Amino acid sequence: MPELPEVETARRGLAPAMEGATFTRVKINRPNLRFPFPDNFAVRLENCQVREVTRRAKYLALYLDNEEVLVMHLGMSGSFHVEKLDTENIDGESLHHDRDRFAIHDHVIFYLENGKNQFQVTYNDPRRFGFMDLINSDQLANHKYFANLGIEPTGNSLDGECIRDLFTNRKAPLKAAILDQKLIAGLGNIYVCEALWQAGLSPKRQAKTLCTSSRVAKIRADKLADAIRDVIARAIEAGGSSLNDHRQTDGTLGYFQHRFNVYDREGENCNRKECAGNINRIVQSGRSTYYCGSCQK
DNA sequence: AAGTGAACCTGAAGGC
DNA sequence: TGCCTTCAGGTTCACT
């Protein structure tokens, strides 16, 4: 699931429960996710206080008071569920309708308290492509997870000039270039398709075609940068997209999926006003690309 | 070096 | 009803 907006949504759900709170107990229900848990994972966390819950690209990084950082990636199907444990809601009528059914995939349970409240944070991940690791904070920036990450598509730093720098001499299709985490970090298959539609650019066009000195190339690069920032910002605002089981940490659904213009809309009409085309599905680098062949050039 | 496709794992959906 | 195939939000590794 989780592309940058979903991870940011998870971060915003975790922060109120975890920042300033201390791990009282950590329970792992299997020896590994995508990778084995680091040695003594639970013991190293217990009694640590969380200073800050941060996000970089699709990674969550929780800074702890012992100078370690809990790094977590949600893979394809990871999600968190936060429950406040209080006297009136001992058994927490969960908003997760199918929690029981998926409880076998509750691989990690964090218990925390902040002197006032107690929280249970459950990590669920059916496909187990996610992972967790503990890294010293002074090694974080140079760690393999983070060292090669590209620019963050949030804020205003990603602009047309930046895209032209990144895509210079790139022969790969534009779709593949935008998906490359070493160039721009955080976009996944859905939001790449959406951003390309919004910019009116074909996913099949070579990335370097936005880098010529022509006026039209510069305009295209500007439009693409604007579209990427806008799609990501709107998706974060909407609480991410909920496909299948994906929910926000309080169990409610994100709703950005109701605004998809191309993703998973094969055969349907293009949503652009003056466009009479419909949405095609092709496979690029082994993954589905959805786009309008009429208005994306 | 850069680009492509398979692999990792489980569940849902569709065809027969 | 069941069995089979295909596909899914990500990343990494092996290969051209």
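Just so you know, these numbers use all the heavy atoms, side chains as well, and skip hydrogens, waters and symmetry mates. Below, chain A is the first sequence line, B the second, and so on; all start at residue 1. All figures in this text were calculated on a predicted structure; none of them were measured in a lab.
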Pairing pattern in dot-bracket form [Watson-Crick, G-U; both distances under 3.5 Å; | = partner strand] for DNA chain B
.|||||||.|||||||

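Using cut-offs of 30° and 60° on the angle between ring planes, the pair H107(A) and Y123(A) is tilted. Ring geometry for H143(A) versus Y145(A): interplanar angle of 30 to 60°, hence tilted. Relative ring orientation between H73(A) and Y59(A) is described as perpendicular, the plane-to-plane angle rising above 60° on a 0-90° scale split at 30° and 60°.
Taking atom OH on Y290(A) and atom P on dG9(C), their separation rounds to 7 Å, with Å as the unit. Counting to the nearest Å, the P atom of dT12(C) and the NE2 atom of H143(A) are 11 Å from each other. The nearest whole Å value for the distance from the CE atom in M72(A) to the C1' atom in dT11(C) is 18 Å. The distance between atom CG of D264(A) and atom P of dA12(B), rounded to the nearest whole Å, is 16 Å. Atoms CD (Q181(A)) and P (dG9(C)) sit 13 Å apart, rounded to a whole Å. Between the CG atom of D133(A) and the C1' atom of dT11(C) there is a distance of 15 Å, rounded to whole Å. The nearest whole Å value for the distance from the NZ atom in K182(A) to the C1' atom in dG3(B) is 10 Å. The interatomic distance linking K144(A) (NZ) with dT12(C) (C1') rounds to 10 Å, in whole Å.
In this structure, the side chains of P203(A) and C193(A) stay at 4.5 Å or more apart for every pair of heavy atoms.
R287(A) comes within contact range of at least one nucleobase, with a heavy-atom separation under 4.0 Å. Y263(A) comes within 4.0 angstrom of sugar-phosphate atoms only, judged by non-hydrogen atoms across all strands, and of no base.
Separating the P atom of dT6(C) from that of dA6(B) is a span of 13 Å, rounded to the nearest Å. For the C1' atom pair drawn from dC7(C) and dG5(B), the interatomic distance equals 16 Å after rounding to whole Å. Rounded to whole Å, the separation between the P atoms of dC3(C) and dC9(B) comes to 23 Å.
The side chain of S77(A) contributes no N or O atom lying less than 4.0 Å from OP1 or OP2 of dG11(B). At dG10(C), none of the side-chain N or O atoms of Y59(A) fall inside 4.0 Å of OP1 or OP2 (strictly under the cut-off). Taking only side-chain nitrogens and oxygens, K58(A) comes nearer than 4.0 Å to OP1 or OP2 of dT11(C). In this structure, H73(A) reaches the dT11(C) phosphate: one of its side-chain N or O atoms is under 4.0 Å from OP1 or OP2.
Rounding to the nearest 0.5 Å gives a distance of 11.0 Å between CD of E46(A) and CZ of F110(A). Rounding to the nearest 0.5 angstrom, the gap separating the CG atom in L14(A) from the CE atom in M72(A) is 6.0 Å. Separating the CE atom in M18(A) from the CG atom in L64(A) is a distance of 8.5 Å, to the nearest 0.5 Å.
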Under the side chain to side chain donor-acceptor pair (under 3.5 Å) criterion, do N261(A) and Q198(A) qualify, and how do the steps go?
CA-CA 8 Å; N261(A) 284 302; Q198(A) 190 164 318; 5.4 Å; no

Can you check each nucleotide of nucleotides 4-9 of chain B against protein heavy atoms at under 4.0 Å and return B for base, S for sugar-phosphate only, - for none, in 5' to 3' order?
SS--BB

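When all heavy atoms are compared, the tightest approach of I279(A) to C270(A) is CD1-CA, 4.0 Å.
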Show me the donor-acceptor pairs within less than 3.5 Å that the side chains of residues 171-186 of chain A make with the rest of the protein, sequence neighbours left out.
| from | atom 1 | to | atom 2 | distance (Å) |
| --- | --- | --- | --- | --- |
| K175(A) | NZ | N189(A) | OD1 | 3.0 |
| K175(A) | NZ | S288(A) | O | 3.3 |
| K175(A) | NZ | T289(A) | OG1 | 2.6 |
| D180(A) | OD1 | K182(A) | N | 2.9 |
| Q181(A) | OE1 | G186(A) | N | 2.9 |
| Q181(A) | NE2 | L179(A) | O | 3.0 |
| Q181(A) | NE2 | L187(A) | O | 2.9 |

